[in-house]
Q: 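The structure that follows is given in the form of structure tokens.
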Amino acid sequence: MAGKNFYLTTTLPYVNADPHIGFALEIVQADIVARYRRLMGDDVFFNTGTDEHGVKIYRKALDEDKDPQIYVNEYAAKFRRLKQLLGLYPDLYFIRTTDPHHRVAAQEFWKRCAEAGDIEKKIYKTKYCIGCELEKTDSELIDSRCPIHPNLEIEFREEENYFFKFSKYQKPLLELYANRPDFVIPDFRFNEIKKFVGAGLEDFSISRLKEKMPWGIPVPGDEDHIMFVWFDALINYVSTLGWPEDRPKFEQFWGTVENPNALQMAGKDNLRQQAAMWQAMLMSAGLPPTKQILIHGFITSGGQKMSKSLGNVIDPVVIIEEYGTDALRYFLARHVSPFEDSDFTMERFKEAYNSDLANGLGNLVARILQMSSRYLTTTPKIPDLKDLNEIQKFVTTFEFSQAMVHLWFRMKYLDGLIQEQRTFEVVKTNRIAGKKQLKYLLEQLAEIAVLLEPFMPDTSKKITEAIIANKKPENLFPRKE
RNA sequence: AGCGGGGUGGAGCAGUAGUAGCUCGUCAGGCUCAUAACCUGAAGGUCGCGGGUGCAAAUCCCGCCCCCGCAACCA
């Protein structure tokens, strides 16, 4: 059976800070799915990258006295390192919104929306704090005043911007939702976006005056404006496929109106952008919608939102340096909910590491291979993941932790079996019976290793190699005190 | 105001009507192949509060309390 074409993408992190654990969660979840599909024989296109335009980046670059391009180059390199650090799919595609092709694609996308009559100039009202000399959004204000300068009145300023006719797409969006019961997962997020769209939509601004903020993609046919950052950023999901020139590749992976094929991963803060705004933009440009959007929760730290001022930020790189890539991947898959918010503390991480990985998987591998290397002369064939479809249901519903629970249940069974059969004793008193037991244990271990591959590719490889060599491997997960 | 999520033994979670389950931790016993790992058993919960429907409710309905997030042009 020929594999299917499979497309999935993460959101692109905005490069005004170092990679944090929340993005690690998103991309590891995506990577598990991508690896699983690949192992099942599908033709996979897996996209991530960096979102590099906009006023925040522009200001930060100026603050650091750097050219914005140089500033984003440095950050893009940091995010690119995640591929090695997190053990990501080798053919992962990494797009940057400053890539020349992306700029061309974004302009083409704009033109198509404009031709559809969905882009028009309107007056955009901004709230401006004279003290900060900055525009403010409502959420930055307290009682309509700037919290930093509560004595000053907020000024209202007006400028002419391009707007996207979001309101026009209320009905089409609701129809899309009605026709596609699995469009957004989990269902409570789907309900949330249905309610939001059902309540009515306002057109939104999609450009900024170049004289105020030049760091972005020029609006086609108007030298005075640049695109507002996320209008251009969203387009990466199709520009990464070579759209608009490479029509065959685009249809192969993004799909068609009749058969949409793209899976998107995003955090709950991105629900509106991905499930409503981006879908409206696609409709406007005459492109197929996304097939499905998975919305994950946030990782909190000690019950609170992570923030630099609280000093509770979890740095994935630090964890990887101490515990290794697969330990982090395991924790994200097993102990972090794919849908709800989850708390992450180093205490819990270490606990899970010691009990599940050191005492569980690592120890089981050591005890079985120690015996098999002494008493067995043949080793079992390593099975193919395609022939072991027991985790399929968990991966297709994104219940990663259930997949882990299932595999750890199998490990616990083997630990119990060794004790109950007293394999370590039988192997000395009754060679034939002992060998038979060991052979079974090794076969079971090989299956577990293969099933682990999408989640913990490096560990999976170490175990299968140890089985083939019939040699006890180096300590996979040394206990941490 | 509104919207969404949550409140289950010490900790983290599962459980959408029919004897309350898992992991970690704690305590007791066992084993020795293994990373002082592994196995068995035990203690520990009036399932946030109050009311209702049902033969039966953590699970459905109503009211209330508490925690977290969102509240659109901020990715």
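Hydrogens, waters and symmetry mates play no part in the numbers below; they use all other heavy atoms, side chains included. Convention: sequence-line order gives letters A, B, ...; per-chain numbering from 1.
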Q: With centres under 5.5 Å and planes under 30°, do A/F424 and B/rC33 count as stacked?
A: yes
Q: For the rings on A/F204 and A/W230, is their centre-to-centre separation under 6.0 Å?
A: yes
Q: Figure out the CD/C1' separation between A/E340 and B/rG7, and round it to whole Å.
A: 12 Å
Q: If you look at every strand shown and take non-hydrogen atoms under 4.0 Å, does A/L476 touch a base, only sugar-phosphate, or nothing?
A: base
Q: Just to be sure I understand the rule, does A/A358 reach a base, reach only the sugar-phosphate, or reach nothing, if contact means heavy atoms closer than 4.0 Å?
A: base
Q: Are side-chain N/O atoms of A/T9 and A/Q264 paired as donor and acceptor at under 3.5 Å?
A: no
Q: Give a yes/no answer on whether the side chain of A/K472 brings an N or O atom under 4.0 Å of OP1 or OP2 in B/rA34.
A: no
Q: Heavy atoms under 4.0 Å, any strand shown: does A/G416 hit a base, just sugar-phosphate, or nothing?
A: sugar-phosphate
Q: Which string of ( ) [ ] | and . matches RNA chain B, if you list each base 5' to 3' and count Watson-Crick or G-U pairs only when both distances are under 3.5 Å?
A: .(((((((.[[[[.)..(..]]]].(((((.......))))).....[[[[[..)....]]]]])))))).....
Q: Report the distance from atom CD of A/E192 to atom P of B/rG69, rounded to the nearest whole Å.
A: 15 Å
Q: Anything under 30° is parallel, anything over 60° is perpendicular, the rest tilted; go ahead and classify A/H406 against A/F394.
A: tilted
Q: Step through it carefully: locate the ring centre of A/F409, locate the ring centre of A/Y413, and say whether they are under 6.0 Å apart.
A: no
Q: Specify the residue among A/D415 and A/G200 whose closest nucleotide of RNA chain B lies further upstream toward the 5′ end.
A: A/D415
Q: What about the rings of A/Y162 and A/H225, do their centers lie closer together than 6.0 Å?
A: yes
Q: Is the shortest side-chain N/O distance from A/K428 to OP1 or OP2 of B/rC33 below 4.0 Å?
A: yes
Q: Consider the side chain of A/Q370, meaning its heavy atoms from C-beta on, and name the nucleotide among B/rA72, B/rG4, B/rA34 that approaches it most closely.
A: B/rA34
Q: Please report the distance separating the P of B/rA14 from the corresponding atom of B/rA56, rounded so that it comes out in whole Å.
A: 29 Å
Q: C1' atom, B/rC70 versus B/rG54: distance in rounded Å?
A: 38 Å
Q: Could you check which of B/rG5, B/rC73, B/rC74 has an atom nearest any side-chain atom of A/S205?
A: B/rC73
Q: Sticking with atom P, work out how far B/rA37 lies from B/rC24, rounded to a whole angstrom.
A: 12 Å
Q: Should the pair A/W215 and A/H53 be assigned to parallel (<30°), tilted (30 to 60°) or perpendicular (>60°) ring geometry?
A: perpendicular
Q: What interatomic distance, in whole Å, is found between C1' of B/rC61 and the corresponding atom of B/rG69?
A: 27 Å
Q: Hey, is the side chain of A/R208 poking within less than 4.0 Å of OP1 or OP2 on B/rC74, counting only N and O atoms?
A: yes
Q: What nucleotide, of B/rA75, B/rC33, B/rC38, holds the atom closest to the side chain of A/N363?
A: B/rC38
Q: Counting only side-chain N and O atoms of A/R479, is one of them less than 4.0 Å from OP1 or OP2 of B/rA37?
A: yes
Q: Using heavy-atom distances to pick each residue's nearest nucleotide on RNA chain B, tell me which of A/N270 and A/E474 is more 5'.
A: A/E474
Q: Nearest of B/rA72, B/rC73, B/rC31 to any side-chain atom of A/R422?
A: B/rC31
Q: Between B/rG21 and B/rC55, how far apart are the two P atoms, rounded to whole Å?
A: 26 Å
Q: Salt bridge or not between A/K66 and A/E74? Use side-chain N to carboxylate O under 4.0 Å.
A: yes
Q: In whole angstrom, give me the gap between the P atoms of B/rA75 and B/rG63.
A: 39 Å
Q: Ignoring the backbone of A/R367, work out which of B/rA72, B/rG4, B/rA34 is nearest its side chain.
A: B/rA34
Q: Output the single nucleotide from B/rC33, B/rG4, B/rA75 whose closest atom is nearest the side chain of A/I418.
A: B/rC33
Q: Name the closest nucleotide to the A/A366 side chain, picking from B/rA34, B/rA75, B/rC70.
A: B/rA34
Q: Under 4.0 Å between any heavy atoms, over every strand shown, what does A/F477 touch: base, sugar-phosphate, or nothing? Just pick one.
A: base
Q: If you measure from the C1' atom in B/rA71 to the same atom in B/rC3, how many Å do you get, rounded?
A: 8 Å
Q: Closest approach to the side chain of A/D341, judged atom by atom: which nucleotide of B/rC68, B/rC74, B/rC3 is it?
A: B/rC68
Q: Return the orientation label for the A/F344 and A/F349 ring planes: parallel under 30°, perpendicular over 60°, tilted otherwise.
A: parallel
Q: Where does B/rG54 land, syn or anti, once you apply the within-90°-of-0 test for syn?
A: syn
Q: May I ask you to decide if the ring planes of A/W408 and A/Y330 are parallel, tilted or perpendicular, using 30° and 60° as cut-offs?
A: tilted
Q: Mind calculating the distance between CD1 (A/I57) and P (B/rA75) to the nearest angstrom?
A: 8 Å
Q: Where the side chain of A/H335 meets the backbone of A/R348, is there a donor-acceptor pair that is under 3.5 Å apart?
A: no
Q: Could you please name the option among B/rA34, B/rC73, B/rA75 that lies closest to any side-chain atom of A/E202?
A: B/rC73
Q: If you look at every strand shown and take non-hydrogen atoms under 4.0 Å, does A/F196 touch a base, only sugar-phosphate, or nothing?
A: base
Q: Under 3.5 Å, which N/O atoms of the protein pair with N/O atoms of nucleotides 20-30 of chain B?
A:
| from | atom 1 | to | atom 2 | distance (Å) |
| --- | --- | --- | --- | --- |
| B/rC24 | O2' | A/E351 | OE1 | 2.9 |

Q: Using atom C1' in both nucleotides, what's the gap between B/rG9 and B/rG25 to the nearest angstrom?
A: 12 Å
Q: So, do A/F109 and A/W278 have ring centers that fall under 6.0 Å from each other?
A: yes
Q: Starting from P on B/rA34, measure out to CG on A/L414 and report it in whole angstrom.
A: 17 Å
Q: Between B/rA72, B/rU32, B/rA75, which nucleotide has the shortest distance from any of its atoms to the side chain of A/E425?
A: B/rU32
Q: I'd like to know if the side chain of A/D341 pairs up with that of A/T300 as donor and acceptor (distance under 3.5 Å, no hydrogens or angles considered).
A: no
